[in-house]
2 protein chains.
Amino acid sequence: MKKRPSTVCPIVYALDIWGDPWSLVILRDVLIHNKRHYREFLASRERISTNILSARLQSLVDAGLLVKTEGDSNRAQTMYRPTQKALDLFPVVFAIMHWGLKYNPNTDMTIPIMQELTTNEKGLELRLLQNFEDVTS
Amino acid sequence: MKKRPSTVCPIVYALDIWGDPWSLVILRDVLIHNKRHYREFLASRERISTNILSARLQSLVDAGLLVKTEGDSNRAQTMYRPTQKALDLFPVVFAIMHWGLKYNPNTDMTIPIMQELTTNEKGLELRLLQNFEDVTS
DNA sequence: TAAATGTACTTGCATATCGCAAGTACATGA
DNA sequence: TCATGTACTTGCGATATGCAAGTACATTTA
């Protein structure tokens, strides 16, 4: 992703941070599927490759959306957790999901989130936010 | 932008259509700044290059977000208008703008839209939609 | 009416980014 | 000790992008 210099437009600012094809997939996994570990992101259906995953995690940390905590003497404990700045993307992610739900005929409606999104979005958001009480409190 | 085959995830579906760094800039110009012509998109602050603009307009037409109408015997009349599928991105665009407003310290608050977004989002959306009554009616 | 200008593109080319496969360094488990 | 797992990095060919230039057609200006 190219870096546009400081922009005056909030949309371009956002795109410069997570407007590539992969960052939002990672953020979706963090926010909605409660993933924390490198191995979990790798396992997503979309099959992100390791070099890209590594680079995107790094850039999301640099942009202040994720915080990386490394376990002492065990790399398997490395975790990526969202900051408030990432949690504030919930409305964006939900809006995108609404749009995708309307127009993607292949959406898998058996994913529990999908039903709840249409029937009880606010409740869904509050429930998901409970995964991050350490951040929000 | 790579094409992932048909996805089951509404977010990935959306990203495959407008998840590149430029499509949303064009859609912003169509939806919010009421632009219709190639020359108007070219004039944006972000300085999209002609080959990219041409390719993105084409892919947005292919994805059913824009409709291209060519003037008879005058290319200067060529217009790109949003479909309902594009108008349904208003909530997405607004959500992104809210996030960008919160975190981009360089946002130009003198752009009239910015004030209105925070004080009267629904009114703003309705007013902007009046630009597209031919689509929505 | 000839020349200049504008518009919507396409083309070429250097560079950046990506997908994929493989390798690395360290830790745990059998 | 040997296999396995985890979080990466590296190499390389393929794709996408940025930039400059060119093209074809229409209108405007002199």
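In terms of the side-chain contact (heavy atoms from CB on, under 4.5 Å) criterion, residue partners of R81(A) (sequence neighbours excluded) are, by chain and number, R36(A), T69(A), M79(A), D134(A).
Computed from coordinates, the I48(B) CD1 to dA16(D) C1' distance equals 13 Å when rounded to whole Å. If you take CD1 of I26(B) and C1' of dT17(D), they are 14 Å apart, rounded to a whole angstrom. The interatomic distance linking L15(B) (CG) with dC18(C) (P) rounds to 14 Å, in whole Å. Following rounding to the nearest Å, D20(A) (CG) and dT15(D) (C1') show an atom-to-atom distance of 16 Å. Taking atom CD1 of I52(A) as the reference point, atom C1' of dA14(D) lies 13 Å away to the nearest angstrom. The CG atom of L53(A) sits 14 Å away from the P atom of dC20(C) (whole-angstrom rounding). Rounding to whole angstrom units, CD of residue E46(B) and C1' of dC19(D) are separated by 17 Å.
Listed by first and then second residue, the salt bridge (Lys or Arg N to Asp or Glu O under 4.0 Å) pairs involving residues 104-126 of chain A are E116(A)-R127(A), K122(A)-E125(A) (not counting sequence neighbours). For residues 37-61 of chain A, the set of pairs meeting the ring-ring contact (aromatic ring centres under 6.0 Å, His included) definition, not counting sequence neighbours, is empty. Among residue pairs with one or both ends in residues 42-74 of chain A, none qualify as ring-ring contact (aromatic ring centres under 6.0 Å, His included); sequence neighbours excluded.
Each of N51(A) and E70(A) has a nearest nucleotide on DNA chain D; the 5'-most of these lies closest to E70(A).
Using bins of under 30°, 30° to 60° and over 60° for the plane-to-plane angle, the ring pair W18(B)/W99(A) lands in the perpendicular bin.
Under 4.0 angstrom from either OP1 or OP2 of dG18(D) there lies at least one side-chain N or O belonging to W22(B). Within the 4.0 Å cut-off from OP1 or OP2 of dT17(D), at least one side-chain nitrogen or oxygen of R56(B) is found.
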Protein and nucleotides 5-8 of chain C: nitrogen or oxygen contacts under 3.5 angstrom:
{"residue": "dT7(C)", "atom": "O2", "partner": "R75(B)", "partner atom": "NH2", "Å": "3.3"}
{"residue": "dA8(C)", "atom": "OP1", "partner": "R39(B)", "partner atom": "NH1", "Å": "3.2"}
{"residue": "dA8(C)", "atom": "OP1", "partner": "R75(B)", "partner atom": "O", "Å": "3.3"}
{"residue": "dA8(C)", "atom": "OP1", "partner": "A76(B)", "partner atom": "O", "Å": "3.4"}
{"residue": "dA8(C)", "atom": "OP2", "partner": "R39(B)", "partner atom": "N", "Å": "3.0"}
{"residue": "dA8(C)", "atom": "N3", "partner": "R75(B)", "partner atom": "NH2", "Å": "2.3"}

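Among dC9(C), dG12(C), dC8(D), the nucleotide with an atom closest to any side-chain atom of S54(B) is dC9(C). Nearest nucleotide to the S49(A) side chain, out of dC8(D), dG18(D), dC20(C): dC20(C).
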Side-chain donor-acceptor distances from residues 86-93 of chain A under 3.5 Å, at least two apart:
{"residue": "D88(A)", "atom": "OD1", "partner": "Q84(A)", "partner atom": "NE2", "Å": "3.1"}
{"residue": "D88(A)", "atom": "OD2", "partner": "K102(B)", "partner atom": "NZ", "Å": "2.7"}
{"residue": "D88(A)", "atom": "OD2", "partner": "Y103(B)", "partner atom": "OH", "Å": "2.5"}

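In summary, the side chains of S44(A) and D29(A) do present a donor paired with an acceptor at a separation below 3.5 Å, with no hydrogens or angles considered.
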